[in-house]
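Everything below concerns the one structure shown next.
A note on names: the letters A, B, ... follow the listed sequences, proteins ahead of strands, and every chain is numbered from 1. Note that the coordinates shown come from a computational prediction; the quantities given were computed from them, not determined experimentally. Every heavy atom of this structure was used, including side-chain atoms; hydrogens, water molecules and symmetry mates were not.
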Amino acid sequence: MSASTDPTGARGEPRPAGFASHPLDEGEGIPRLARLWASLERLYAVFVKELIQLRRDRLTFATMIMIPVMQLILFGFAINSDPKHLPTAVLDNDNSAYSRLFIASLKKTDYFDIRYSLSGPSQIDPLILSGAVNFAIEIPQNFARDLARGENPAILVVADAADPTAVNGAFIALTGMAAQVFTRELLGPLQNLSAKPAPYEVRLQKRYNPAGETRLNIVPGLVGTILTLTMLIFTALSVTREIERNTMESLLAMPINPVEIMLGKILPYAMVGFFQMALIAGAARFIFDVPVVGNLGTFVVLTMLFIVANLSVGYTFSTIAKNQLQAMQMSFFFFLPSILLSGFMFPFRGMPVWAQNVGSILPLTHYLRIVRGVMLKGAGFSDLAADTGALAAFALAAMIVAVLRFRQTLD
Amino acid sequence: MNGADIVIDVEGLSKSFDGKLVVDNLSMQVRRGRIHGFLGPNGSGKTTTIRMLCGLLTPDKGRGRCLGFDILTQQTEIKRRTGYMTQAFSLYADLTIRENLEFIGRIYGLDDPSARAREAIDQLGLTGRADQLAGELSGGWKQRLALGACIMPRPQLLLLDEPTAGVDPKARRDFWDEIHQLAHEGLTVLVSTHYMDEAERCHEIAYIAYGRLLAQGTTTEIIAQSNLSTYVVSGADLGDLAETLKHTPGVDMVAPFGAKLHVASRDHAALDGVAREFAAPGIAWERDAPNLEDVFIDLMSRARSNYP
Ligand SMILES: Nc1ncnc2c1ncn2[C@@H]1O[C@H](COP(=O)(O)OP(=O)(O)O)[C@@H](O)[C@H]1O
Ligand SMILES: [Mg+2]
């Protein structure tokens with residue numbers, strides 16, 4: 001072997017004591033900037049290495065694509081489930097041709113199965129409470145007269161919103177119907193009334209779930225849960241993998257510090273997270289018809305922050321776990337409360353106080369507010385400052401724990 | 001610091017795992033440009049000692065310097081200047097040869113990692129195989145690559161942990177030629193092994209068993225210190241004789257070497273007596289200088305009876 005042939009001959013020369021001339025020296029004489037540059041170089045080394053490994057690891061690669069796709073499909077079915085023939089009670093206080101026509105149209109939508117004709121408003125609550133009906137529809141007195149006068153009478157719809165998806169499909173059908181139901185009847189002198197908006201108003205009164213989790217709410221939530229799961233798993237395996245593949249000892253024997261290793265390992269997955277975000281947001285827009293109302297840049301920046309927060313948590317687990325199995329278990333133990341207590345499954349404000357407190361320390365809780373705010377309501381950075389701050393604090397805390405926990409020796 | 005020429009200078013290193021003393025009060029000095037052999041049976045604490053030298057393990061007791069830097073507080077400085085070849089192959093199996101070397105080049109902040117990697121690949125004779133995965137190389141090539149990776153950042157100290165385990169004799173010979181060349185250029189090498197022939201290729205040897213340093217010095221010094229007197233017994237059917245001699249008072253060590261038997265003792269007169277007693281037609285006893293292996297076998301058997 002001739003690997004030893006050192007053209008500069010530097011190694012053969014006697015070296016002065018103190019090694020001050022060594023090119024790798026980063027002693028006091030070296031300016032801060034050069035030291036930062038060297039540090040970035042090491043970070044980059046780990047980054048490139050991780051990226052190559054990621055590309056070669058088919059299983060991880062498949063997981064990256066499969067988890068979001070599967071979740072989207074699974075939840076997609078759940079979202080699209082559009083139950084019909086919901087038990088309904090009707091209280092017709094008008095008893096006119098118009099009100100009867102209205103009830104007939106209700107039946108035709110297929111959403112409402114009219115089981116009860118009520119005689120007084122006091123009968124509504126017990127039926128809703130017992131779950132005997134999902135809807136109670138009350139047509140006001142003088143509905144026909146007010147309609148003819150163009151006074152825009154209000155139909156009251158009391159809905160059991162405990163199952164929001166069920167209620168929403170029906171309610172959309174109901175409001176859609178309002179615009180058309182009387183088009184044929186409102187002819188002649190009344191024709192001007194048939195013009196949109198609808199000649200009467202539908203007033204929805206939701207019971208038990210005033211926050212009104214809608215389909216629109218679930219898709220943005222999906223962005224958060226999918227990212228939580230995949231990001232956690234990716235980094236949770238990254239340190240234990242080095243240990244199990246016998247490469248940790250060499251890595252630790254190199255002049256690299258835990259911060260450089262951590263950032264080098266998190267960054268490639270942040271890129272993966274970016275693509276997953278694009279994938280899910282694309283699906284939300286084009287498959288589930290949930291547009292981003294707010295600023296797309298805000299959405300991207302805050303989602304990346306959320307991605308980094310989750311990657312940091314996963315990495316922290318990785319530094320604590322003894323093997324890959326433990327790392328996986330920790331991730332799932334973190335994922336479960338994230339799903340249950342963040343406001344994804346149940347309305348956050350509807351949860352008991354202790355659950356809200358637990359939920360508040362989970363990144364998903366804050367991200368859900370952010371993503372719903374941006375996607376649905378057009379919220380900007382300033383509206384979301386508190387949740388953004390919470391996410392950033394969370395990511396930073398996780399990184400600090402990870403760096404402190406990182407075992408720099410094999411002791 | 002004991003002057004710039006002592007590269008490894010440690011004193012009283014001890015380390016236990018789970019209450020078991022694995023390295024016991026070990027002191028050692030290695031001079032610049034020397035090849036220091038670290039010998040001992042499996043589990044004697046060689047790897048543990050090497051790890052303490054480069055900051056991968058924290059000693060329970062003791063102190064010392066490596067390349068002039070404190071092993072307890074200046075681990076990063078030591079790591080920058082030290083190439084450590086682990087006992088098991090520890091390059092990334094799912095990275096190519098080139099990618100592995102470039103990774104190391106970047107970590108050590110080399111000026112042009114790609115160029116340096118290419119250079120190292122050429123020198124290793126791996127040109128044309130640069131894009132092969134490191135995990136797919138044969139044992140001998142893995143070992144050469146690992147050494148190439150260690151010396152690429154031009155360290156001042158090489159720590160090699162059983163580098164030639166499981167490597168064929170030709171590759172072992174090349175490897176040692178390489179090590180000597182590197183030492184000649186001023187690199188200091190600490191190499192652990194349990195091959196006796198390799199021990200004899202080192203400038204100096206430290207012999208460790210059960211965590212204790214039992215002998216240290218050049219081959220000649222160690223043999224002289226041992227104060228062993230040795231006979232080489234030749235003849236047919238020596239198996240029974242070996243068994244008898246093992247239980248004969250005055251004999252410290254009996255070991256077969258090929259068709260011959262090495263019999264050694266620290267009591268010269270007693271051994272002469274034994275030689276006369278067991279001399280028989282067809283069995284020849286010849287006095288000989290003890291070799292390194294005689295000394296180590298003797299050291300180990302004594303160590304075993306001292307620290308069970
Ligand atoms: N991390 C560890 N935890 C527990 N025991 C260990 C650890 N590392 C080494 N040992 C034990 O210490 C002893 C010495 O090991 P080692 O230094 O690897 O010996 P050698 O390299 O000479 O074969 C062995 O008995 C081994 O089982
Ligand atoms: Mg070992």
Are the side chains of Glu99(B) and Gln53(A) in contact, using a 4.5 Å heavy-atom criterion?
no

Okay, Thr96(B) and chain A: the region with an atom under 4.5 Å from a heavy atom over there is both

Any non-hydrogen side-chain atom of Leu56(B) less than 4.5 Å from a side-chain atom of Thr409(A)?
no

With a 6.0 Å cut-off (strictly less than), is the heavy-atom count around CG of Asp111(B), excluding the residue itself, greater than 12?
no

Exceeds 12 heavy-atom contacts within 6.0 angstrom, atom CZ of Phe275(A)
no

So for Leu43(A), is it side chain, backbone, both, or neither that comes closer than 4.5 Å to the heavy atoms of chain B?
neither

Minimum-distance pair of heavy atoms, taken over all atoms of Arg51(B) and Leu410(A):
NE-CD1, 3.5 Å

Go through the atoms of Thr86(B) and report whether side chain, backbone, both or neither lie under 4.5 Å from a heavy atom of chain A.
side chain

Any chance you could measure Thr247(A), atom OG1, to Leu91(B), atom CG, to the nearest 0.5 Å?
9.5 Å

Relative to chain A, which segment of Ile104(B) carries a heavy atom at a distance below 4.5 Å: side chain, backbone, both, or neither?
side chain

Contact origin within Asp177(B) toward chain A - heavy atom pairs under 4.5 Å
neither

How about CZ on Arg129(B), more than 12 heavy atoms from neighbouring residues, nucleotides or ligands closer than 6.0 Å, or not?
yes

As a quick check of understanding, evaluate side chain to side chain contact (heavy atoms under 4.5 Å, CB included) for Met254(A) and Phe103(B), giving each step before the final call.
CA-CA 11 Å; Met254(A) 291 177 193; Phe103(B) 170 68; 4.1 Å; yes

Most heavy-atom pairs under 4.5 angstrom with chain A, which of Thr82(B), Leu95(B), Ile78(B), Thr76(B)?
Leu95(B)

Using atom types as modelled and distance alone, determine if a side-chain donor or acceptor of Asn246(A) lies under 3.5 Å from a backbone N or O of Ser90(B).
no

Spell out, as yes or no, whether a donor-acceptor pair under 3.5 Å connects the side chain of Arg80(B) to the backbone of Pro255(A).
no

If you count every heavy atom of other residues, nucleotides or ligands that lies below 6.0 Å from Phe89(B) atom CZ, does the total exceed 12?
yes

Can you measure from CG (Leu133(B)) to CZ (Arg56(A)) and round to the nearest 0.5 angstrom?
5.5 Å

Rounded to the nearest 0.5 angstrom, the CG-CZ distance for Asp411(A) and Phe17(B) is 6.5 Å

Count the heavy-atom pairs under 4.5 Å between each of Met248(A), Arg245(A), Glu242(A) and chain B, then report the option with the highest count.
Glu242(A)

Just by distance, with hydrogens left out, do Tyr108(B) and Glu41(A) show a side-chain donor and acceptor under 3.5 Å apart?
no

So, does Lys79(B) use its side chain to make a donor-acceptor pair with the main chain of Leu252(A) at under 3.5 Å?
yes

Quick one: are Glu249(A) and Tyr84(B) in side-chain contact, heavy atoms under 4.5 Å?
yes

